[in-house]
Number of protein chains: 2
Amino acid sequence: MVVTIKDVARAVNVSVTTVSRVLNNKPDVSEETKKKVKEAIRTLGYNPNNIARGLVLRKTNTIGLIIPDINNPFFPEIVKGIERKAKEEGYSLILYNTDNNKEEEKEALALLRSKKVDGIILSFSLENKEILKKLEKEEYPVVQIDRQIRDSLYPAVTIDNKRSAYNATEYLIKQGHKEIGHITGDLSTETALERLKGFKMALEKYGIPLREEWILEGDYSRGSGKELMERIIKLKHRPTAIFFANDLMAFGAYETIYNYNYRIPEDFSIIGHDNIEITSFVKPGLTTMDQPKYQLGAIAVEKLINLIEKKNDFHSVILENELIIRDSVKAIR
Amino acid sequence: MVVTIKDVARAVNVSVTTVSRVLNNKPDVSEETKKKVKEAIRTLGYNPNNIARGLVLRKTNTIGLIIPDINNPFFPEIVKGIERKAKEEGYSLILYNTDNNKEEEKEALALLRSKKVDGIILSFSLENKEILKKLEKEEYPVVQIDRQIRDSLYPAVTIDNKRSAYNATEYLIKQGHKEIGHITGDLSTETALERLKGFKMALEKYGIPLREEWILEGDYSRGSGKELMERIIKLKHRPTAIFFANDLMAFGAYETIYNYNYRIPEDFSIIGHDNIEITSFVKPGLTTMDQPKYQLGAIAVEKLINLIEKKNDFHSVILENELIIRDSVKAIR
DNA sequence: CTGAAAGCGCTAACAA
DNA sequence: TTGTTAGCGCTTTCAG
């Protein structure tokens, strides 16, 4: 049988209130009883039932996390930042993986709510923006991470994706490329949309014509990078450089390129996005836009806790990110 | 204000009991009231409070997961298997990352228990075996994954690590290598110990002398692989092949080897362990022992649920795993 | 088919 | 400094 607060009260011959008081370090309890209670707690091996406590306090000290794909190396680092910070602040983490499925997103949300998590950090696709609107009305604490839905008032913790894509593309241009393609992310995410915009902006800025057949929609998966790269290789007229909306797709492209016996960067210059760890130990090293992943996670937790504590901090935060130059882009004249 | 079961009861003018009954699909409630109740639930936007339910039912439908490092690509796949299967079975997942810290392991356990999770899946270091013994006495449902503590009665879901290491080493030998090193994992884990045993067994079986200076203890991190490879390179007499206890350390070694301008596999043959996704897109592709990661996770959930449901299934399961041959091992005569 | 009452383990006024 | 009481939102006897 599991030991409850009653058992320890009985053991020491005090009321449960008193035990509760020492449990929560409240004042107004004599040193002596405090000592006795603590003793009993230890000998009985009492472990407080946080779920009962949660019921009365309306606080579970748990936050929910909904992410698209824990298998995409971009996310584990974010998760780590979230987990670490959350633990530090006394929160546990309930994790849901949606596989980019809109229905799963909804379900996860409902589940998390019925578990009465104190707040939720999520990375949603645009299709579920209505749901966020509803949550807003209830003032349910939510912070968006990586993927922002702009219609929502909920704060987001992201980088400036448009600018980041602009910088990536500009780098290609400054290396002398004039024929540049872009494999986008899943265009039902704001992130992919923004990166596409940034890409186009850069082309326009430098007066480089945009060719629709060089802009292909991927879904952030390695497989889609692989496939789409094949489409590009089969084109009669091919770009000399390609900006991939994430590193994983870029690696998919590596495979295809090698399969066709082409070389990087001699035949195709490749630039990625996210700077996931493996970019550095692939050959050639992938030039990419870094993202402060761990920080993204940690800051999201801070923002969420502010919301939970009614500090009404609805400002989004945009973190700086920089270009990491490695060896996958060739300078041409 | 959040809407409770009382609110819907009041709205339909029935008792909370009745509402509870339709919530849980119990019989003995007329079609008509059922309809009305459901209607009210929808219009009021009622979301059951699972935490209150958990209090009375003594069941949270939540399981805890304690893993060493979500950033090590080996784990996200496991987590995915766990998350998926858990969701399928109606459970949520609380995640704790320990960074291989023994104290964090303990804390996570205590926290999870006070959150009254129905069971726990964990990957622990040997140092905490006493704690597991204690849990056993309380019949707390626990399943071990990847890392097994043999003193514990709790079932483990793993591969046969000794055999796996044996096979890896044997492969090296059959490719003609006679001077073979081994970078172990953190030797406070059973997994690393077993792999070391398997390595030694293979050498012995084939009458190959074991050289202590070629056996170095790592900690499963890329950094340690990098460092230890450097130690090996600085040796006067160097092995021609090295078995790394996991792929991540092998990749660390790749770096060092390239930094010293050596080549793989010409100068060093490398074999890893785990077959994390990136092994295939690194050059040269890393030859390694596969692990059925997703399955490991899914099966652990099954076992845990059996335990939770008192099916008293304490048998460990050992999954098959195979050698994946790529290009990091050279055949020599 | 329906409801009243008790209780899950805990905290928080309020009294004493 | 301590205890009594009520109640968090729900399920479950037990009666009707």
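Every chain is numbered from 1, with letters handed out A, B, ... down the list of sequences.
Pro27(B) comes within 4.0 angstrom of no nucleic acid atom, judged by non-hydrogen atoms across all strands. Asn49(A) comes within contact range of the sugar-phosphate backbone alone, with a heavy-atom separation under 4.0 Å but no base atom that close.
The span of DNA chain D lying next to chain A, judged by atoms under 4.0 Å from heavy atoms, is bounded 5' to 3' by dT1(D) to dG9(D).
Atom CG in Asn50(A) sits about 18 Å away from atom P in dC8(C), given to the nearest Å.
Counted within 6.0 Å of CG on Asn13(B), heavy atoms from surrounding residues, nucleotides or ligands total 12 or fewer; the atom is thus considered open. Atom NZ of Lys59(B) has more than 12 neighbouring heavy atoms from other residues, nucleotides or ligands inside a 6.0 Å radius.
With sequence neighbours excluded, the residues satisfying side-chain contact (heavy atoms from CB on, under 4.5 Å) with Ala9(B) are Val16(B), Val19(B).
With salt bridges taken as basic N to acidic carboxylate O contacts below 4.0 Å, one links Glu104(A) and Lys87(B). A salt bridge does not link Glu130(B) to Lys133(B): none of the charged side-chain nitrogens sits closer than 4.0 Å to a carboxylate oxygen. Taking 4.0 Å as the cut-off between side-chain N and carboxylate O, Lys36(B) and Glu39(B) do not count as a salt-bridged pair. At a threshold of 4.0 Å, the pair Lys102(A)-Glu105(A) does not count as salt-bridged, since none of the basic side-chain nitrogens sits closer than that to a carboxylate oxygen.
Residues from residues 30-43 of chain B with heavy atoms under 4.0 angstrom of DNA chain C, sorted by number: Ser30(B), Thr33(B).
Summarising the geometry of Ser114(B) relative to Asn50(A), their closest heavy-atom pair is OG-ND2, 2.7 Å, with the distance given to 0.1 Å.
For Ser15(B) and dA4(C), the shortest distance from a side-chain N or O to OP1 or OP2 is not below 4.0 Å.
Relative to the axis of its first five pairs, the axis of the last five pairs of the helix from dC1(C)-dG16(D) to dA16(C)-dT1(D) sits at 40°, rounded to 10 degrees.
Distance CD1/Ile66(A) to CG/Leu95(A): 9.5 Å, rounded to 0.5 Å.
Looking only at distances, no side-chain donor or acceptor of Asp186(A) sits under 3.5 Å from a matching main-chain atom of Ala192(A). Without hydrogens or angle criteria, Lys115(A) side chain to Thr60(A) main chain gives no donor-acceptor distance under 3.5 Å. When atom types are taken as modelled, the side chain of Gln144(A) and the backbone of Ile149(A) share a donor-acceptor pair closer than 3.5 angstrom.
Within the structure, the side-chain hydrogen bond (donor to acceptor under 3.5 Å, both in side chains) test picks out the following pairs touching residues 64-78 of chain A (sequence neighbours left out): Asp69(A)-Lys80(B).
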Next item on the list: Using a 4.0 Å heavy-atom cut-off, write out nucleotides 11-16 of chain C from 5' to 3' as B (base contacted by protein), S (sugar-phosphate only) or - (no contact).
Entry: SBB---
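For the pair Arg58(B) and Val29(B), both in contact range of DNA chain C, the more 5′-proximal nearest nucleotide belongs to Val29(B).
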